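This report refers to the structure that appears directly beneath it.
The shown structure was predicted, so the numbers you read here are calculated from the model rather than taken from an experiment. Positions are given from 1, in the same order as the sequence printed here. Read the numbers this way: they start at 1 and go in the same order the structure lists the ligands and their atoms.
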Amino acid sequence: MTQHPVQNLLITGGCGFIGSNFVRYWLTEHPHSRVVVYDKLTYAGRKENLADLWDDARLQLVVGDIGDQALVRGTCQQQSIDLIVNFAAETHVDQSILGPLVFTDTNVRGTHVLLEVARELGIRLHHISTDEVYGHIRDDHQSVEADALAPRSPYAASKAAADQLVQAYAITYNLPVTITRGANNVGPYQYPEKAVPLFSTNAILGEAIPIYGDGLQMRDYAHVYDHCTGIETVLLRGEIGEVYNVGTGREMTNLEMVDIVLASLGKSHDLIRHVTDRPGHDRRYSMNVDKLKTLGWQPKYDPKEAVAEAAKWYAEHRAWWEPIRSGAFREYYEKQYAERLAGTAQ
Ligand SMILES: NC(=O)c1ccc[n+]([C@@H]2O[C@H](COP(=O)([O-])OP(=O)(O)OC[C@H]3O[C@@H](n4cnc5c(N)ncnc54)[C@H](O)[C@@H]3O)[C@@H](O)[C@H]2O)c1
């Protein structure tokens with residue numbers, strides 16, 4: 001198996017949830033690497049996520065938009081970047097339903113700009129995609145990498161377009177690229193609009209937990225640590241031009257996930273409210289992860305353990321999320337849930 005040299009990384013979206021976990025993991029495991037985090041610092045991007053690392057001489061921050069071609073090019077040239085890892089994205093499905101255009105700007109055009117810079121400078125690019133590009137999956141199937149993409153939300157469609165642009169650049173320009181498609185991640189530093197941190201922080205505060213529809217949607221909840229080791233495996237040993245699914249290969253319903261969150265926090269089921277479903281809500285995601293396993297990767301966490309551990313992290317890190325929940329988050333929460341929750345008292 002080829003071992004690719006990876007020395008100077010440009011990590012776009014490195015101040016977000018998965019990006020910041022990946023930067024911390026990478027610098028711990030690869031002490032001789034240098035990392036430049038390139039991040040626009042949107043509402044989801046937080047410098048505090050890497051507060052313990054900014055004094056480390058191996059890490060630098062460039063604040064910018066991935067759509068700014070001159071800044072991306074200049075940064076890659078000045079920092080002798082040999083690999084771009086693209087985590088940067090607008091990432092929340094509900095936000096993509098409320099205001100979709102920024103998803104096209106960042107996820108499609110932004111990724112396209114990174115591809116152009118990579119082509120100009122002859123740099124390898126690894127793209128972080130998602131299981132949502134496959135659309136919802138019938139009960140007797142698990143998505144494999146060769147499956148057709150069938151996205152159903154503006155978020156998923158923008159990620160599918162980016163995924164296909166990356167593949168097109170490999171074919172048309174012979175650009176060295178790899179792609180990982182991650183399952184739903186849970187763990188530290190996830191912005192509390194997403195289900196597990198939203199339900200955990202609501203439960204900690206004694207607030208209602210709004211569950212879309214019957215709550216029987218199936219998801220593979222993977223620990224962000226396993227996503228990081230999966231990406232690392234592909235960066236070091238992945239076949240250039242190939243796509244790899246990263247998840248646990250096991251699913252649970254959202255109701256089961258909430259059970260685990262409540263048990264982990266010692267909170268009551270009385271907090272649960274079933275609310276009007278998300279339009280076009282995908283019923284089931286499920287991925288086969290055998291291809292990544294052929295590179296020697298194995299997930300460390302069982303999905304139940306991953307959800308329970310994540311919920312506990314939010315109980316132990318109130319100082320991280322309390323300021324977030326009182327800001328722009330509140331406005332979003334009201335818009336998304338106030339009407340849905342009205343009149344659902346037990
Ligand atoms: N969270 C999941 O469960 C999950 C699962 C599979 C794949 N993914 C993918 O992983 C990646 C990271 O997801 P996340 O959950 O960490 O997201 P996140 O929303 O927590 O972080 C996104 C980061 O990107 C930055 N960003 C946004 N627009 C930008 C722009 N135009 N230019 C530069 N930076 C910009 C934000 O400031 C933030 O730091 C995304 O590509 C997402 O599609 C996420």
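- Not a single heavy atom of G110 sits closer than 4.0 Å to an atom of ligand 1.
- Judged by distance alone, the side chains of T180 and H126 do bring a donor and an acceptor atom under 3.5 Å apart.
- Within the 4.0 Å heavy-atom shell around ligand 1 one finds G64.
- In this structure, D52 places its CG atom where more than 12 heavy-atom neighbours from other residues, nucleotides or ligands lie under 6.0 Å away.
- Among all non-hydrogen protein atoms, the one lying nearest atom 12 (C) of ligand 1 is F87 O, 3.4 Å.
- Polar contact check, D65 against ligand 1: a nitrogen or oxygen pair lies under 3.5 Å apart.
- Looking only at protein heavy atoms, the nearest one to atom 43 (O) of ligand 1 is Y155 OH, 2.6 Å.
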Please lay out, stage by stage, how D302 and R250 fare under the test salt bridge (charged side-chain N to carboxylate O under 4.0 Å, His left out).
CA-CA 8 Å; D302 170 84; R250 279 168 289 166; 3.0 Å; yes
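- Nearest heavy atom pair, residue A203 against residue L271, reads CA-CD1, 3.9 Å.
- Closest protein heavy atom to atom 17 (O) of ligand 1: T91 CG2, 3.1 Å.
- Scanning all protein heavy atoms for the shortest distance to atom 6 (C) of ligand 1 gives G182 O, 3.2 Å.
- A cation-pi geometry, defined here as NZ or CZ lying under 6.0 Å from the six-membered ring centre and within 45° of its normal, holds between K300 and Y225.
- In this structure, K194 places its NZ atom where more than 12 heavy-atom neighbours from other residues, nucleotides or ligands lie under 6.0 Å away.
- For S129, no nitrogen or oxygen atom sits less than 3.5 Å from a nitrogen or oxygen atom of ligand 1, counting backbone and side chain alike.
- E339 CD: 12 or fewer foreign heavy atoms inside a 6.0 Å radius.
- With hydrogens left out, the protein atom closest to atom 32 (N) of ligand 1 is I66 N, 2.9 Å, a heavy atom.
- Between atom 4 (C) of ligand 1 and the options T130, V72, I18, the minimum heavy-atom separation is to I18.
- Looking at atom 5 (C) of ligand 1, its nearest protein heavy atom turns out to be A183 O, 3.2 Å.
- Remark: minimum distance from atom 37 (O) of ligand 1 to any protein heavy atom is reached at D39 OD1, 2.6 Å.
- Scanning the protein for heavy atoms near atom 41 (O) of ligand 1, the closest one is K159 NZ, 2.7 Å.
- Of the listed residues (V63, N49, L61), just one forms a side-chain contact (heavy atoms from CB on, under 4.5 Å) with C15, and that residue is L61.
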